[in-house]
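Report on the following structure.
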Protein chains: 2
Amino acid sequence: MRIAKPLMDPNLIPYFKAAVSVDNVVFGFDQSGLKVLLIYRGADPYRNCWALPGDLISLDTDLSSSAEKVLQDLTGLDKIYMEQIHTFGKVDRHPFGRVFTVAYFALIKIEDYNIHPSSWAEEAAWFPISEIPDLPFDHNEILLFAKDQLKTKIRRQPIGFELLPKYFTLTELQKLYESILETEFDVRNFRKKILSMDFITDTGLKQSSVTHRPAKLFKYNAKKYSKISSSDFAFDL
Amino acid sequence: MRIAKPLMDPNLIPYFKAAVSVDNVVFGFDQSGLKVLLIYRGADPYRNCWALPGDLISLDTDLSSSAEKVLQDLTGLDKIYMEQIHTFGKVDRHPFGRVFTVAYFALIKIEDYNIHPSSWAEEAAWFPISEIPDLPFDHNEILLFAKDQLKTKIRRQPIGFELLPKYFTLTELQKLYESILETEFDVRNFRKKILSMDFITDTGLKQSSVTHRPAKLFKYNAKKYSKISSSDFAFDL
DNA sequence: GGCATTATTGTATATTTTACAATATATTCG
DNA sequence: CGAATATATTGTAAAATATACAATAATGCC
């Protein structure tokens, strides 16, 4: 039995209303480690501060679409890996009034990224995860949440590849896991484990233009993974 | 460097506004299995339908407090284990206008529960997890989300105890894990594992008034657990 | 050819997981 | 009281997985 929608005046909810925004924690990774994309705010409040990229939601846009749009405007990238983290709704979190914000984290391939100017962002830049400045609103708290979520998530699902170029070396992959999990792995054990999980493939290619033994290049094998239930994957090295 | 709050007119955000609600997925457990608490709506829309207990948020209440309040009004219980799951924000999810809802899941000891009438709930009842009716709004989707979250969570953190009485038998504990994870465990292996994790204690007491060999009663030992990092706990039997 | 630099690989041991069934303790009933 | 009924409790061997640990290989450069 489907419940039919009542046909009533889809007017206003007779109740208090608030603004709703989305804020994105955008992670990137390069040889110097894990980074977060911050924007230099061009609008009040907190104009001229570094902050998480976010925007108020317009009433005709779905929540998830809003988050995607913010990121697409900012990076010009499409099909970005995003996930909702948490919603923050303290009464006084915004100086202009009641604003709920829904936080997302996103993983992007840093080399694909190009700054696109936008209405609310004068500038954007990557900050190493260990050198995040004080941020306005509750953005530092949100960032902490995102960092933690990423840590939990990467141990259970092969999402790290979203941060790497199409072809990557095992050393790069290991550095990525080490940056996110803030730990170090034994080279042999790491390789044994990651290869046994069977979702990366040796492309047969090798690094070029390096001044030492070139490493094999691997690629992520999404198809193989999709057959595996998420509970079977655990990176507990 | 702390960023000072700008002293501006904390008036209205010059933007679209929406209502925000919280919806709770309240889990309970007894010998017949895992259950969810639904209310019979006494208010429009969807008056006279079974639905998740939830309410619109008033502007002077923090998000998390709102979720707690809904549950306290409904159950009369205090200090309930709650966790935010996800925020749902499709444009047309509410027939009266744009309403975002933040979903929480809560775990309560079913024996402590007493129905308290409330403004929006004429009645409340426990539904077995496998016999949930069609619900209004996107409540079935929310419920699915909550079920999945509970499954993930219980494998990583000892939250199952929130659903059990203070003293419980190992058989009850096993049935709880089996209900939530929708699987079955070998009795010996289950006991070995759960006991090795060292957060339940034999009280020395035994079941009484049973018509067979009485089981030992155990209790949850929160202190022991608090020393352990959450990543060390994994119920991968 | 030798040096510098990073990549690659295997094995033995310890730990954890899995599979599997006989015995114990209580109540009830005849 | 003994037998029947019902659930609780416990151990061990084999398999799988995780851990600790260091020597050799391949490239560019001088």
Side-chain angles (χ1 to χ4, degrees), chain A residues 30-33 154-156 158 164-165 167-179 181 183-219 228-229 231-237, chain B residues 30-33 154-156 158 164-165 167-179 181 183-219 228-229 231-237:
Chain A
D30 64 18
Q31 71 277 22
S32 79
I154 202 173
R155 290 165 56 104
R156 303 289 147 200
L164 291 176
Y167 299 133
F168 51 86
T169 70
L170 291 179
T171 302
E172 286 165 351
L173 187 60
Q174 180 170 353
K175 291 264 176 283
L176 171 64
Y177 275 83
E178 289 179 342
S179 296
L181 294 172
T183 181
E184 288 184 9
F185 299 119
D186 174 84
V187 184
R188 281 161 293 189
N189 294 342
F190 178 85
R191 286 168 183 233
K192 246 181 299 183
K193 176 127 192 178
I194 207 88
L195 288 171
S196 79
M197 289 189 297
D198 206 39
F199 50 75
I200 61 178
T201 313
D202 187 341
T203 61
L205 303 172
K206 287 190 178 179
Q207 267 183 325
S208 57
S209 331
V210 288
T211 173
H212 54 74
R213 176 173 178 176
K216 292 181 189 174
L217 292 172
F218 287 79
K219 65 176 180 182
I228 303 171
S229 115
S231 60
D232 291 329
F233 176 92
F235 206 88
D236 287 326
L237 207 68
Chain B
D30 65 17
Q31 70 278 21
S32 78
I154 202 174
R155 290 165 56 104
R156 304 289 148 200
L164 291 175
Y167 300 132
F168 52 85
T169 70
L170 292 181
T171 301
E172 286 164 352
L173 187 61
Q174 181 170 352
K175 291 266 177 280
L176 172 64
Y177 274 84
E178 289 178 341
S179 298
L181 294 173
T183 182
E184 288 184 9
F185 299 119
D186 174 85
V187 185
R188 283 160 291 188
N189 293 342
F190 178 87
R191 286 167 183 234
K192 246 180 300 180
K193 175 125 190 178
I194 206 89
L195 289 170
S196 78
M197 289 190 296
D198 206 39
F199 53 72
I200 63 177
T201 313
D202 187 341
T203 61
L205 303 172
K206 287 189 178 179
Q207 266 183 325
S208 58
S209 333
V210 287
T211 174
H212 53 74
R213 176 173 178 177
K216 293 182 189 173
L217 291 171
F218 288 78
K219 65 176 181 182
I228 302 174
S229 114
S231 60
D232 291 330
F233 176 92
F235 205 89
D236 287 327
L237 206 69

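In what follows, every chain begins at residue 1, and chains take the letters A, B, ... in the order their sequences are listed.
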Residue [X], side-chain heavy atoms: nucleotide from [options] that is nearest:
{"X": "Lys193(B)", "options": "dT17(C), dC20(C), dA8(D)", "result": "dT17(C)"}
{"X": "His212(A)", "options": "dA8(D), dT5(C), dA20(D)", "result": "dT5(C)"}
{"X": "Val187(A)", "options": "dT25(C), dT8(C), dG10(C)", "result": "dT8(C)"}
{"X": "Asp186(B)", "options": "dA20(D), dT28(C), dC20(C)", "result": "dC20(C)"}
{"X": "Arg213(A)", "options": "dA7(C), dT9(D), dG11(D)", "result": "dA7(C)"}
{"X": "Lys206(B)", "options": "dC20(C), dA26(C), dG28(D)", "result": "dA26(C)"}
{"X": "Pro214(B)", "options": "dT10(D), dA26(C), dT6(C)", "result": "dA26(C)"}

Does a side-chain N or O of [X] approach OP1 or OP2 of [N] to a distance below 4.0 Å, or not?
{"X": "Arg191(A)", "N": "dT8(C)", "result": "yes"}
{"X": "Lys216(A)", "N": "dT9(C)", "result": "yes"}
{"X": "Thr171(A)", "N": "dA7(C)", "result": "yes"}

Rounded distance [0.5 Å steps], CD in Gln174(B) versus NZ in Lys193(B): 13.5 Å
Between [X] ([atom1]) and [N] ([atom2]), how many Å, whole number?
{"X": "Phe185(B)", "N": "dT17(C)", "atom1": "CZ", "atom2": "P", "value": "12 Å"}
{"X": "Leu195(A)", "N": "dA18(D)", "atom1": "CG", "atom2": "P", "value": "14 Å"}
{"X": "Phe190(B)", "N": "dG11(D)", "atom1": "CZ", "atom2": "C1'", "value": "18 Å"}
{"X": "Glu184(A)", "N": "dA20(D)", "atom1": "CD", "atom2": "P", "value": "13 Å"}
{"X": "Gln207(B)", "N": "dA8(D)", "atom1": "CD", "atom2": "P", "value": "7 Å"}
{"X": "Glu172(A)", "N": "dT6(C)", "atom1": "CD", "atom2": "C1'", "value": "13 Å"}
{"X": "Arg188(A)", "N": "dA22(D)", "atom1": "CZ", "atom2": "P", "value": "8 Å"}
{"X": "Phe218(A)", "N": "dA7(C)", "atom1": "CZ", "atom2": "P", "value": "12 Å"}

Side chain to side chain, Phe218(A) and Leu164(A), heavy atoms closer than 4.5 Å: no
Residue pair Val187(B) / Arg191(B), side-chain heavy-atom distance below 4.5 Å: yes
Distance-only donor-acceptor test (3.5 Å): side chain Lys192(A), base dT19(D): yes
Ser179(B) side chain vs Gly33(B) backbone, donor-acceptor pair below 3.5 Å: no
Sugar-phosphate only, base, or nothing, as touched by Thr169(A) at under 4.0 Å among non-hydrogen atoms: nothing
Qualifying residue for side chain to side chain contact (heavy atoms under 4.5 Å, CB included) with Leu195(A), from Ile200(A), Asp202(A), Thr201(A): Ile200(A)
